[in-house]
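Side-chain atoms are counted along with the backbone in the values below, which use heavy atoms only and exclude waters and symmetry mates. For clarity, every value in this text was computed on a predicted model and none was experimentally measured.
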Amino acid sequence: MNDTTTQVPESGPRYDFTAAEPKWQAAWAGRACFRVEDVPTDGKPKYYVLEMFPYPSGKIHMGHVRNYTLGDVVARYKRARGYSVMHPMGWDAFGLPAENAARERGIHPAKWTFDNIAAMRTELQRMGLSLEWEREFATCQPEYYCHQQKLFLDFLQAGLVERKESWVNWDPVDNTVLANEQVIDGKGWRSGAPVEKKQLSQWFFSITQYAPELLDALDHLDRWPERVRLMQANWIGRSEGAKVTFALAGSTETVEVYTTRPDTLFGMSFLAIAPEHPLAAAAVAHDAQAAEFVAECRSRGTSEVTIEAGEKLGYDTGLRVEHPFIEGATYPVWIANFVLMEYGTGAIFGCPAHDQRDLDFARKYGLDVTPVVLPPAADPASFSLGKDAYTGPGTAFNSGFLDGLDVDASKRAAIEKLESLGVGKGLTNWRLRDWGVSRQRYWGCPIPVIHCGACGTVPVPDDQLPVRLPEDVTFDRPGNPLDHHPTWKLVDCPSCGKPARRETDTFDTFVDSSWYFARYCSPKADVPLVKAAVDHWMPVDQYIGGIEHAILHLLYSRFFTRAMKDTGHVSVEEPFAGLFTQGMVNHESYRAPDNRWLYPEEIEKHADGSVTMRDTGQPVTVGRVEAMSKSRRNTIDPGAIIARYGADTARWFILSDNPPERDMEWTESGAAGAFRFTQRIYRLAEALDGIPAEIMPDAFGPAGRTLRRATHRCIAAVTESLENFTYNVAVARLYELANAITDGERATPEAGLAWARREAVEALARLSSPMMPHLAEEIYARLYPDSSHLVAELSWPEADRALLVSETVTIAVQVMGKLRGTIEVAPNAPADVVLAAAEADPNVAKALEGKRIVKRVHVPNRIVNFVVAG
RNA sequence: GCCCGCCUGGCGGAAUGGUAGACGCAGCGGACUUAAAAUCCGCAGUUGGAAACGACGUACCGGUUCGAGUCCGGUGGUGGGCACCA
């Protein structure tokens, strides 16, 4: 079904969400249901729920709806469980789109951003989220970034920040640094100009200082998805090996190499250095061919095509190095395109027999291949290598003093020898690089330093913070508007007073999001963080967001928290005790006969399954279910859904379809089904209108007992599902309860049944309140017009344990593991009674006929299995 | 290439080693209605059978177990992360 066939009935819904939703939102706000203190004194246990804050693009999308609904379920549930819950919201407000809007449409980034924030705040408020808006801030406000500058200066003083030269992707047309993702086929994503590699002086956070603990602490993040921990571990990339110093033959100079396989040193046949290696620079100086080769590597370096092809290119410098163990042996030094300057020492020793890249290289340039690790059961006399290097376990041979040792022992012995000879040592290496944070952009947090010709780099003194962005900037030419500003960068040196120049780079926006979670604890404070507040609320107990942030944002935040601890701002090391990564919201895509993408509103679905264009009737091709994107036109606007069905329906459907960590498909029919359910449970409450609330009867009839058991089982099951993040199962249990209430409505009237129905409807409303908070209030108010409490203020329902036990249990009876019947017995009936009943079942008896029972398995209240022979 | 998930009806999915397919969506049959919408009732893995009931069935092959969607080993498919990382 689609937009036209699924209309709200003409007569209007009985539950009028258009009136109810704003009413209850106002009620929550009026009674400050979601307010907490920075430093509470109520003695309640704290719970900090946070969803990744949005970038203010202008409109919320379905991913936001899913993210914030999931967080709101947690927040509302935990509040009902007696926790004092902090649930704040804000804006990740710096970034390139605002500058693009300025360049393309002449709107100032600040205006664009704040207009978007206003629009999105309204949309989020319509969702009925239990947010504490009093803590709201945007990272582009000086009241926020002022403190970020202060943190940076503290980090600088603590030695956690450094300025160093680094190779960057430089767009020569836009005059800016490009992130790796912004380089497409070696060209700038906006300008299309070939990207150059350029060395620039940039600011770096020394995240590598924390590499060991960032890795080790992952083991203790037991409420993080295993997948995310693994991705981070791979990203940090610890590797054990050795540093080896090679002497250049006929010279006093040396080359250092990092290797994880010191056991294969006897299999060496060459040494290779990166094109950017200092030794390569020296070769270039007096060798035109070397210069040509290095230049070629540089131009091809960023091309993904080259990397994909994996073609190994090299140039023999003519230099030779001496072997650390073999007296008199020397090996050629090559410049090779597959050696990376950024990893290890920018130089490797090549052992072709036991490394695939080295083997490819050796085969191409005719270098020696000497095996030194003998696979188990291989013959040393005949073992040789073809196209594949041998990297498995084995025994060292052709290796002098290492002969006969297994790989691990051989590694240890080689390192010991290197150390005793003074030409190497064991070393742990990391894949993680320092975090470059300089961006040549306007719409970001200014880096608070001043460059002075006499004093060097001088921090901006505290009393001059914040360094504010100038508002009068122009975007009429490429490059950094801060740099173009006529006066902003011209300042006096705070140290010597002479004319100096402000840093015109701004921070990577990942910096803004690396500490916002801590700022929420004391968002108005005139220091970055109030210790008492962050010590109370941190860490975030449940953080929720997309898997796309599994590495960078989460790793940077973990680093930042450690850095803030080491500079005395917080006491915790880990920012997020619990992490939940949600799946994406996908939708079908549609194409017209001319292959043009169509919006969902432009198509019509028919009963026979065909799909046509609404205006012309032409056939439509239904494409894959994939991520909503503007270019594929398969987006669904949450605002339109909320206007048609209400926020509760949107929230309910987005929770009901599948487990929250998986990708889901937004379907019109599913949303319509969710809407029908909201109407249905309202009717269940309405059906009690004429029936006065009475006191609980002493006894119930059979229908009443059945319904009460369904109610209390539902309480237990929904509670468990909410604890486990299996919200789709919680939804299913609530549907079951609704079905049970319908059965109760239809049952022959009996004493107490009305009471049981009222109990069930109340439970249904309260158990669904984390998901559908407005409807829950509406139903509760209908059941208890005189109540002085909102559902948002009530504690969570408790299941009566006595009612969780059935009056009878159904036991499956198997013969040889195959189901042959079921029997009804009293709970915990003794084994002999159960077995006798099982054998008496006609169908079971038939299966047992003529057989001898060898074994009787009885699992109380569950199953009986007869093992037979003959 | 390395590392890690996942694979259950038409669809999304449920199932502490114990009756596979809860619940929803889509579908079919029926009630109500002048009619439609809405609502309600019923059916529904495949297959044989009028039915009772039976056979098969959680990607495939094998193992452990009285009993396997679930645990173990292998194969295939699929998705993701990293990627000349020495």
Colleague: Select one nucleotide: of B:C85, B:U19, B:C66, the one nearest the side-chain heavy atoms of A:Lys855.
Modeller: B:C66
Colleague: Could you check whether the side chain of A:Asn865 and the base of B:C66 have a donor-acceptor pair of N or O atoms closer than 3.5 Å, going by distance alone?
Modeller: yes
Colleague: Less than 4.0 angstrom between a side-chain N/O of A:Arg357 and OP1 or OP2 of B:C85, yes or no?
Modeller: yes
Colleague: Are the side chains of A:Arg856 and A:Val864 in contact, using a 4.5 Å heavy-atom criterion?
Modeller: no
Colleague: Specify the separation, in whole Å, of atom CZ of A:Arg431 and atom P of B:A83.
Modeller: 4 Å
Colleague: Of all the nucleotides listed (B:A83, B:C41, B:C23), which has the minimum atom distance to the side chain of A:Asn739?
Modeller: B:C23
Colleague: In this structure, is the centre-to-centre distance between the rings of A:Tyr331 and A:Phe270 below 6.0 Å?
Modeller: no
Colleague: With hydrogens left out and only the distance checked, is there a donor-acceptor pair under 3.5 Å joining A:Arg433's side chain and the base of B:C85?
Modeller: yes
Colleague: Mind calculating the distance between CD1 (A:Ile551) and P (B:C3) to the nearest angstrom?
Modeller: 17 Å
Colleague: Which nucleotide in the list B:G18, B:A14, B:C85 gets nearest to the side chain of A:Gln814?
Modeller: B:G18
Colleague: Measure CG/A:Asn658 against P/B:C6 and give the value in whole Å, please.
Modeller: 16 Å
Colleague: Kindly say whether, by distance alone, the side chain of A:Arg14 makes a donor-acceptor pair under 3.5 Å with the base of B:U39?
Modeller: no
Colleague: Under 4.0 Å: is that the gap between some side-chain N or O of A:Arg662 and OP1 or OP2 of B:G13?
Modeller: yes
Colleague: What nucleotide, of B:G18, B:C25, B:C53, holds the atom closest to the side chain of A:Arg676?
Modeller: B:C25
Colleague: Which nucleotide, B:C56, B:C85, B:G67, lies nearest any side-chain atom of A:Lys818?
Modeller: B:C56
Colleague: Can you tell me the base-pairing partner of B:G1? Count Watson-Crick or G-U wobble geometry only, both distances below 3.5 Å, and say none if there is no partner.
Modeller: B:C82
Colleague: Any idea which of B:U19, B:C84, B:G12 is nearest the A:Ala812 side chain?
Modeller: B:U19
Colleague: Determine whether the aromatic ring centres of residues A:Trp224 and A:Phe580 are separated by less than 6.0 angstrom.
Modeller: no
Colleague: Would a line drawn from the ring center of A:Trp652 to the ring center of A:Phe677 be shorter than 6.0 Å?
Modeller: yes
Colleague: Nearest of B:A14, B:G24, B:C66 to any side-chain atom of A:Val867?
Modeller: B:C66
Colleague: How about A:Glu588 and A:Tyr590: does a side-chain donor come under 3.5 Å of a side-chain acceptor?
Modeller: yes
